[in-house]
**Student:** 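Pasting a structure below so you can have a look.
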Amino acid sequence: MIVAVDGPVAAGKGTLARRLADVLDLAYLDTGAIYRAVAAKMLAADADPNDGAAAEAAALGLRPEDLNRDDLRREAVGQAASIVSSQPAVRAALLAFQRDFAQRPPGGKAGAVLDGRDIGTVVCPHADHKFFITASPERRAERRHKELRARGEESIHARVLQDLKERDARDSARSVAPLRAAEDAITLDTTDMGIDAAFAAILALVAPAEPSGAS
Ligand code: DC
C-alpha cells in the first residue's frame, strides 16, 4: 500500500503521515528531508542554493547519513531547500530513490507513507491513497512560530508568515512538479481542525473499521 501525503509547509502533513505509518506499520519517508539535506550540505559548503550545477552535484552525492543531520529543520535550511528543489536536475536526481522507497519499502514493510509536495502528482501517481493537507497561511505561521520557539530558535511571527508565503509561492510556481493537489487527492483543511481529528479522518479512509458484527 502506498499513501501520498502532500501539502504546503506547516500544514500538519508530517505529523499525520508519520502517525499513519506508525499505526499501520508502514515505512515512512519525509521527502522534504531529502531536499533539506541537499540544501544543508550546500550551505555548509558555502555554496549558493541557486547554483544549479552545484545543487545537482550535491543531490547526486547525497548519502543516507546526510538525512540524519541535526540542522535539517532550521528555517534557513527550509528556505534553501525550496530554492534547491525548484531545479529540475535536482528533482530528477532524487526521484528514483523516492520511487524505490515506495515500491520496495525498507524493513520488509507492507507499504509506505511518503509526505512532500509532489508525491501524489509525480513520485507516486498510482498511490492507493492521496491526501492534500492544507491550512490558512496565518494558522501555519502560528504553528511554525511556536515550533521554532519551542526548539529555542529565535522567531518573529511576522517574519515567519512572510517566509512561509514566499516559500508557498516558490513551491507552487516552479515549472517542474509544483505544489498542487492531485486530481484524485482528498483535501483536508486543518485550519480549524486539531491534529487528532485530522488523523481520525485520514485513518478512517485508509483503514476503515470493520462494521461490528461483520463475519
Ligand atoms: O516539507 P519541507 O518543509 O521539509 O520541505 C522543504 C522544501 O523542500 C519545500 O519548500 C519544497 C521542497 N520539497 C519539494 O519540492 N518536494 C517534496 N516532495 C518535498 C519537499
Side-chain angles (χ1 to χ4, degrees), residues 2-19 21 27-43 49-50 52 55-56 58-59 62 66-102 112-125 127 130-135 137 139-141 143-148 151 153 155 160-182 185 190:
I2 298 177
V3 184
V5 184
D6 289 304
V9 56
K13 64 184 186 308
T15 307
L16 293 170
R18 189 173 285 118
R19 208 154 139 186
Y28 168 64
L29 182 64
D30 168 6
T31 64
I34 305 176
Y35 292 95
R36 284 173 180 268
V38 173
K41 270 175 72 167
M42 294 188 75
L43 294 180
N50 289 293
E56 184 183 9
L62 203 68
D66 294 326
L67 299 180
N68 300 328
R69 295 177 65 106
D70 54 14
D71 56 354
L72 294 190
R73 303 306 308 169
R74 296 188 69 89
E75 267 311 270
V77 172
Q79 283 292 345
S82 171
I83 295 171
V84 158
S85 66
S86 67
Q87 296 158 28
V90 170
R91 305 200 71 85
L94 301 175
L95 188 58
F97 172 79
Q98 298 172 75
R99 286 198 172 143
D100 196 55
F101 185 99
V113 183
L114 284 79
D115 80 54
R117 302 290 188 288
D118 62 338
I119 308 304
T121 51
V122 175
V123 178
C124 303
K130 297 182 185 180
F131 296 101
F132 192 80
I133 314 296
T134 188
R139 183 53 56 88
R140 292 187 285 123
R143 290 178 189 154
R144 179 46 54 97
H145 175 62
K146 281 192 188 149
E147 192 186 310
L148 289 169
R151 280 211 308 263
E153 276 196 55
S155 173
V160 172
L161 179 59
Q162 189 194 329
D163 285 354
L164 181 142
K165 285 182 174 170
E166 267 175 33
R167 190 126 78 94
D168 279 358
R170 196 185 304 110
D171 292 349
S172 306
R174 67 181 178 221
S175 57
V176 181
L179 166 67
R180 67 173 175 83
T190 65

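When a ligand or atom number is given, it counts from 1 through the structure's own listing order. Index from 1, following the sequence. All values derive from a computational prediction rather than experimental measurement. Side-chain atoms are counted along with the backbone in the values below, which use heavy atoms only and exclude waters and symmetry mates.
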**Student:** One thing to verify: whether Arg144 and Glu75 come together as a salt bridge, which I'm taking to mean a side-chain N less than 4.0 angstrom from a carboxylate O.
**Tutor:**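 Looking at Glu75 and Arg144, the cut-off is met.
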**Student:** Of all the atoms in ligand 1, which lie at a distance below 4.0 Å from a heavy atom belonging to Ser85?
**Tutor:**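 Answer for ligand 1: 11 (C), 12 (C), 15 (O).
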**Student:** Taking only heavy atoms of Asp171 into account, list the atoms of ligand 1 that are under 4.0 Å away from them.
**Tutor:** 9 (C), 10 (O), 11 (C)
**Student:** Considering only heavy atoms, which of Lys13, Arg91, Gln87 lies nearest to atom 16 (N) of ligand 1?
**Tutor:** Arg91
**Student:** Strictly below 4.0 Å, N to O, side chains only: are Asp115 and Arg18 in salt-bridge contact?
**Tutor:**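 No, no charged N to carboxylate O under 4.0 Å.
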**Student:** Using distance alone, decide if ligand 1 has a nitrogen or oxygen within less than 3.5 Å of any nitrogen or oxygen in Arg36.
**Tutor:**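 Yes, since at least one N or O of Arg36 sits under 3.5 Å from an N or O of ligand 1.
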**Student:** Would you mind checking which non-hydrogen protein atom is closest to atom 1 (O) of ligand 1, with the distance to 0.1 Å?
**Tutor:** Arg117 NH1, 2.8 Å
**Student:** Any chance CZ of Arg69 has more than 12 other-residue heavy atoms, nucleotides or ligands included, within less than 6.0 Å?
**Tutor:** yes
**Student:** Salt-bridged, Glu147 to Arg143, with N to O below 4.0 Å?
**Tutor:** no
**Student:** Test your reading of the structure: does Thr31 have an N or O sitting under 3.5 Å from an N or O of ligand 1?
**Tutor:** yes
**Student:** For Arg170 and Ser82, does a side-chain donor sit closer than 3.5 Å to a side-chain acceptor?
**Tutor:**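 The answer is yes; a qualifying pair exists.
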**Student:** Return a yes/no value for Asp115: is any of its N or O atoms, backbone included, closer than 3.5 angstrom to an N or O of ligand 1?
**Tutor:**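 No, there is no polar N/O contact under 3.5 Å.
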**Student:** Should you measure from each heavy atom of Ser82, which atoms of ligand 1 turn up under 4.0 Å away?
**Tutor:** 10 (O)
**Student:** Below 3.5 Å, N or O to N or O, backbone or side chain included: is there any such pair between Tyr35 and ligand 1?
**Tutor:** no
**Student:** Checking Thr31 against Arg117 for the side chain to side chain donor-acceptor pair (under 3.5 Å) test, could you report, in this order, the C-alpha distance in whole Å, the side-chain angles of both residues, the deciding distance, and whether it holds?
**Tutor:** CA-CA 8 Å; Thr31 64; Arg117 302 290 188 288; over 6 Å; no
**Student:** For Arg174, counting its heavy atoms only, list the atoms of ligand 1 lying under 4.0 Å from any of them.
**Tutor:** 14 (C), 15 (O), 16 (N)
**Student:** Answer whether the closest heavy-atom distance between the side chains of Tyr35 and Leu94 falls below 4.5 Å.
**Tutor:**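 They are in contact (side-chain heavy atoms under 4.5 Å apart), so the answer is yes.
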**Student:** Please list the nearest protein heavy atom to atom 6 (C) of ligand 1 with its residue and the distance rounded to 0.1 Å.
**Tutor:** Arg167 NH1, 3.5 Å
**Student:** Would you check if there is a donor-acceptor pair between the side chains of Thr190 and Arg139 at a distance under 3.5 Å?
**Tutor:** no
**Student:** Which residue holds the protein heavy atom closest to atom 20 (C) of ligand 1, what is that atom called, and what is the gap in Å?
**Tutor:** Gly32 CA, 3.5 Å
